[in-house]
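Read through the structure below, which is laid out as structure tokens, and then see the notes.
Just so it is clear, the structure is predicted and the values come from calculations on it, not from any experiment.
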Amino acid sequence: EFKWQDLWDLLTDKAFIFITLLCVTFYSAVFPFIKYAPDMLMNKYGLARQISGNISSYLMYGTILLTPLFGWIADKKGKSATLMYLGSALLIIAHLLFAKTMITPYIPILLLGIAFSLVPAAMWPAVTKIVGENKIGTAYGAMFSVQNLGLWAFPMLIGYVLEKSNPGIAELKAAGKDAVYDYTNPLLMLAGLGVLGLVFAFLLKKADKN
């Protein structure tokens, strides 16, 4: 039976707070990126739309193959907090490679695919180790609510940062002129979310030790 006290207990549980904050920062650094990735690849690398879409889709192919593997490792070896820590670090590296280098996009997409396999495979099962069995449904519901707040806000924030970083580009494109967006600042913002995720993963691991 649901009790409001259950929700209060979760909100005063440090480990649950950290894993929820990791959830929202991590997913907000991945799903909005997937939305903008084809356009980013077209503008940054001058790729055709079809090729950009194909490269973006490789991220999901990686998760199909790797998530069961990392889930198995989490089941057999534990170390869920460490896996989340590693996934958050790979997320930062991938976004920084996109933002600050012209390295082939296949490499950062591969790193993102690994990160997007590591963190969810370790994070969602770890909730059952953090909260009591009678609160699991409430815990997942709270996490999904916070996650969806991030997925609502950050695509708009990325669009805002992109427009402010590229004044006049939208007008030039609307007029049919040859102009490209510079995605550096939005990508740095996503890397910043990865840094926050890394901090929350570290705090979660510390709370787990305690």
Show, in sequence, the C-alpha distance, side-chain angles and deciding distance for Met102 and Tyr45, and conclude whether the side chain to side chain contact (heavy atoms under 4.5 Å, CB included) test is met. CA-CA 8 Å; Met102 287 298 294; Tyr45 296 94; 3.9 Å; yes
For the residue pair Tyr140 and Trp124, categorise the inter-ring angle as parallel (less than 30°), tilted (30 to 60°) or perpendicular (more than 60°). tilted
Close side-chain approach of Val131 to Phe16, heavy-atom, < 4.5 Å: yes
Using a 4.5 Å cut-off on heavy atoms from C-beta on, say whether the side chain of Leu162 contacts that of Asn185. no
Search all heavy atoms of Leu47 against all heavy atoms of Met42 and return the closest pair with its distance. O-CG, 3.5 Å
ILVMFWY cluster, Leu69 and Ile114 together (side-chain gap under 4.5 Å): yes
Would you mind reporting whether Leu97 and Leu111 have side-chain heavy atoms less than 4.5 Å apart? yes
Looking only at side-chain N and O atoms, does Thr82 offer a donor or acceptor that is under 3.5 Å from a partner on Lys205? yes
Is the backbone N or O of Val30 less than 3.5 Å from a side-chain atom of His95, with the two atoms forming a donor-acceptor pair by type? no
Short question: side chain of Thr63, backbone of Met60 - any donor-acceptor pair under 3.5 Å? yes
Hydrophobic clustering (ILVMFWY, side-chain heavy atoms < 4.5 Å, transitive) - are Leu90 and Ile92 grouped together? no
Can you name the nearest heavy-atom pair linking Ser52 to Pro38, along with the distance? CB-O, 3.4 Å
If you link ILVMFWY side chains whenever their heavy atoms are less than 4.5 Å apart, which other residues fall into the same cluster as Val180? By chain and number, please. none
CD1 of Ile55 to CE of Met40, rounded to nearest 0.5 Å, is 9.5 Å
Answer with yes or no whether the side chains of Asp39 and Tyr183 bring together a donor and an acceptor at under 3.5 Å. yes
Minimum heavy-atom separation for Met84 and Ala126, please, with both atom names. CE-CB, 4.2 Å
Are Phe202 and Leu83 joined in one hydrophobic group, where the rule is that I, L, V, M, F, W and Y side chains link up if heavy atoms are under 4.5 Å apart? no
Looking only at atom types and distance, does a side-chain atom of Thr67 sit under 3.5 Å from a main-chain N or O of Ile64, one as donor and one as acceptor? no
Output, in order, the C-alpha distance, side-chain angles, deciding distance and verdict of side chain to side chain contact (heavy atoms under 4.5 Å, CB included) for Leu66 and Phe116. CA-CA 9 Å; Leu66 294 175; Phe116 197 37; over 6 Å; no
Hey, could you give me the OG1/CE distance between Thr184 and Met189, rounded to the nearest 0.5 Å? 13.0 Å
Count I, L, V, M, F, W, Y as connected when their side-chain heavy atoms are under 4.5 Å apart, and connections chain through other members. Are Leu190 and Phe154 then in the same cluster? yes
Using ring centroids (six-membered ring only for Trp), state whether Phe200 and Phe26 fall under 6.0 Å. no
Main-chain N/O of Tyr58 paired to Tyr106 side chain as donor or acceptor, under 3.5 Å: no
Using 0.5 Å steps for rounding, measure from the CG atom of Asp182 to the NZ atom of Lys44. 7.5 Å
With a 4.5 Å heavy-atom cut-off, do Leu22 and Leu198 have their side chains touching? no
Answer whether the closest heavy-atom distance between the side chains of Lys100 and Leu188 falls below 4.5 Å. yes
So CD1 of Ile93 and OG of Ser88: to nearest 0.5 Å the spacing works out to 11.0 Å
I need the Ile19 CD1 to Asp13 CG distance, nearest 0.5 Å. 10.0 Å
Can you see which heavy atom on Gly62 is nearest to which on Ser117, and at what distance? O-OG, 3.7 Å
With heavy-atom distances below 4.5 Å as the criterion, would you say the side chains of Cys23 and Met123 are in contact? yes
Any chain of hydrophobic side-chain contacts (each under 4.5 Å) joining Leu112 to Leu110? no
Could you check if a side-chain atom of Leu151 sits within less than 4.5 angstrom of a side-chain atom of Asn148, using non-hydrogen atoms only? yes
Can you confirm whether more than 12 heavy atoms, excluding those of Glu133, are under 6.0 Å from its CD atom? no
Interatomic distance, Ile51 atom CD1 to Leu41 atom CG [nearest 0.5 angstrom]: 10.5 Å
Whether over 12 other heavy atoms sit under 6.0 Å from Lys129 NZ: yes
Phe33 and Phe98, any side-chain heavy atoms less than 4.5 Å apart: yes
If every non-hydrogen atom of Leu204 is compared with every non-hydrogen atom of Ala15, which pair is closest and at what distance? CD1-O, 3.5 Å
Applying side chain to side chain contact (heavy atoms under 4.5 Å, CB included) to Asp75 and Trp72, what does each step give before you reach the verdict? CA-CA 5 Å; Asp75 285 343; Trp72 177 83; 5.6 Å; no
Looking at Lys173 and Ala179, would you say the former's side chain and the latter's main chain have a donor-acceptor pair under 3.5 Å? yes
Testing the basics here: between Val127 and Ala139, what is the closest heavy-atom pair and its distance to 0.1 Å? CG1-CB, 4.0 Å
